[in-house]
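Just below is one structure, and these are the notes that go with it.
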Amino acid sequence: MDIGDILALCKRRGFIWPSYEIYGGVAGMYDYGPNGTAMKNDIIGSWRRLYLIGEGFVEIDSNTIGPEAVFKASGHLDEFSDAIVTCQGCEQSFRADHLVDGMHPNPDSLSLDELQAVLIENGVVCPDCNGKLSDVGEFNLMFKTVIGPGSGRVGYLRPETAQGIFVNYPNLLWFVRGRLPFGTIQVGKGYRNEISPRQGVIRLREFNMMEAELFIDPKDKTWPRFDDIADQKLSLVPQDGIERTVTVKEAVEEGIIANQALAYFVWLTRRFLVGVGVDPSRLRFRQHLSTEMAHYACDCWDAEVELAIGWTEIVGIADRGCWDLSSHADHSKTDMSFFRKFDEPVEMEVDRIRVNFKSLGPRFKGQAKSIATALEAGDPSDVIDGIITVTVDGVDHKVNSDCFEVIRVRDKVTGERFIPHIIEPSYGLDRIIYTCLEHAYCKDGEGYIALKLAPSVAPIKVGVFPLMGKDGLDDMAQDIDRSLRDLGIRTSYDDSGSIGRRYARMDEVGTPWCVTVDYDSLQDGTVTIRYRDTKEQTRIPSSDVPSRVSTMLREGLLTWADPLSINK
RNA sequence: GCGACCGUAGUCUAGUGGUUAGGACUGAGGCUUCCCAAGCCUUAAGCCCGGGUUCAAAUCCCGGCGGUCGCACCA
């Protein structure tokens, strides 16, 4: 079985279709067909239930286009942008800023034109074959666009949904009435102009994400529900690369996972993934090496699943520290700090700078006021040899001691300000959907295909068939179909072809149960219910069908007799 | 982005310059007291796109798009 088998089934049965196929398709873009969309919605629903209802998070829905400043602050503009030159001889590509290393004090800061100039000045040629290099071109992984008519404002399609939550932090904090910790989720599209998208839906240019952002006090990363799950087991691959199974509690106590909150969401992620049908024996959590961790992250764990293409990341759970909020606070000049009250106010003696306006005024004239403000906010320990340097509008001013004095004052401090930390579980929805499909895919020696999907995510929950489409069997089957639909259960009524063909059709789209009305049904009111995974059938009164199906669906049971729940 | 290989109904496939592009499965309609893709009848559906060579192109050439793999890039 390879990725092609799955994609062929996905296409044939309406799960996933290449986008714009009639125009030849576009690499890295796929559409969800009716069955894929149903599954996607179920997976999102199951995720929302865990975060919104289970953990009390709130959900927002922010824009997918953002102005340049947002991505300057988020780091994506720098991190996702490279200046590229290509050798005209051997066709290899190189990072222009890497080639001028040592020829300029700060290659990172150069524009494309400046990089071009440095390359020419230094006569740089291809490091491999000494060939002539092309002009410097820009490659940005973000899709660029223009906001408004004319040249307008530069905008980008978001490369992740998270920034929409970070920039709304002040609104969110107000909404939750100023208490930490609190969590926010968002489900939506992200866009990355991948150089070579491959492997079906694993690397897409337009993709679906489900992201949660937990805002938390850096001094208290405990989690209230931690004790409830402390004894649950996790399969972890820490930085040393040695896989081990430990309890959630041990993972934190032994310092394998940095803190309770992070460990809790690793566990919650496991529960979610197994619940939607990821095979637990092909799921592990791997810690990022310090070299692969984003520059801001304190600790990061990936949920990885084993697919035909190898172990693949489908969820990342990162402790991002205060990086995001600090950066947005700096760039937007908005206060994003949180005030933590001390249990008891602290009284202490501190040194302060007091300005002497009699000297300061005449010396700095019109700038005196802004310099005074900077002085008073300054740190007395920065005074060196009676001189302190303050920066106003980017200009340094040396201020002599005759313009200020350092005084000791008694101060009552009721609390302190800090930037909350963020713990981010980020789920690649497309990869999760694909994993559910691949892990459910079964093909026997005769080529018979069944998708053993978890009932909770199956696009069709029940197939309803009359053995023959006549003699009143059809009417009775229609009634059963209606009674299930009235409960909000997705069904498929089918009276075409042979009964075996109809079962096969349902097996291929992962329908867990089929109900068949036969001639006995007309006599005694019973029908057969057939279980996908065992192919067993039992007769039950037709009036029991809706309640039995609802119960199995709610409990995650595959068959009525089997107490094994795939959610446990 | 570069290189190699590849592209015929939904799927698999026959067709190496010359009839109306053939078959199987699937799909749709019908028959059959039909419980695991049975059988019978009917039927729909295809040469990736564009240009060139030629009297004639699915077939040869060029370009594009897409796919697989490798390299590079990225996370």
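Below, chain A is the first sequence line, B the second, and so on; all start at residue 1.
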Classify the side chain of [X] versus the base of [N] as yes if they form a donor-acceptor pair under 3.5 Å and no if they do not.
| X | N | answer |
| --- | --- | --- |
| A:Arg530 | B:C36 | yes |
| A:Arg203 | B:C74 | yes |
| A:Tyr503 | B:C35 | yes |
| A:Arg13 | B:G10 | no |
| A:Gln537 | B:C35 | yes |

Do the two ring centres, one from A:Tyr156 and one from A:Tyr191, sit under 6.0 Å apart?
->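 No, the ring of A:Tyr156 stays outside the 6.0 Å limit from the ring of A:Tyr191, centre to centre.
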Is the distance between the ring centroids of A:Tyr427 and A:Trp47 less than 6.0 Å?
-> yes
Where each pair must be Watson-Crick or G-U wobble with both distances under 3.5 Å, what dot-bracket representation of RNA chain B is obtained, with crossing pairs in [ ] and other-strand partners as |?
-> (((((((..((((....[...)))).(((((.......)))))....(((((..]....))))))))))))....
Would you say a side-chain N or O of [X] is under 4.0 Å from OP1 or OP2 of [N]?
| X | N | answer |
| --- | --- | --- |
| A:Arg539 | B:C35 | no |
| A:Lys470 | B:C31 | no |
| A:Arg505 | B:C36 | no |

Gap between atom SG of A:Cys300 and atom CZ of A:Arg320 - 0.5 Å precision | 9.0 Å
Identify whether a stacking contact exists between A:Tyr23 and B:C49, where the ring centres must be under 5.5 Å apart and the planes under 30° apart.
-> no
Cation-aromatic face contact A:Arg284/A:Trp311, 6.0 Å, 45 degrees |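 Judged by the rule, A:Arg284 and A:Trp311 form a cation-pi pair.
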For A:Asp471 and for A:Tyr531, find the nucleotide of RNA chain B with the closest heavy atom, then tell me which residue's nucleotide is more 5'.
->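 Closest to the 5' end, via its nearest nucleotide, is A:Asp471.
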Relative to the 5' end of RNA chain B, which residue comes earlier, A:Glu313 or A:Ala27, by the nucleotide with the nearest heavy atom?
-> A:Ala27
Do you know the tightest heavy-atom contact between A:Phe285 and A:Ala303?
-> CE2-CB, 3.5 Å
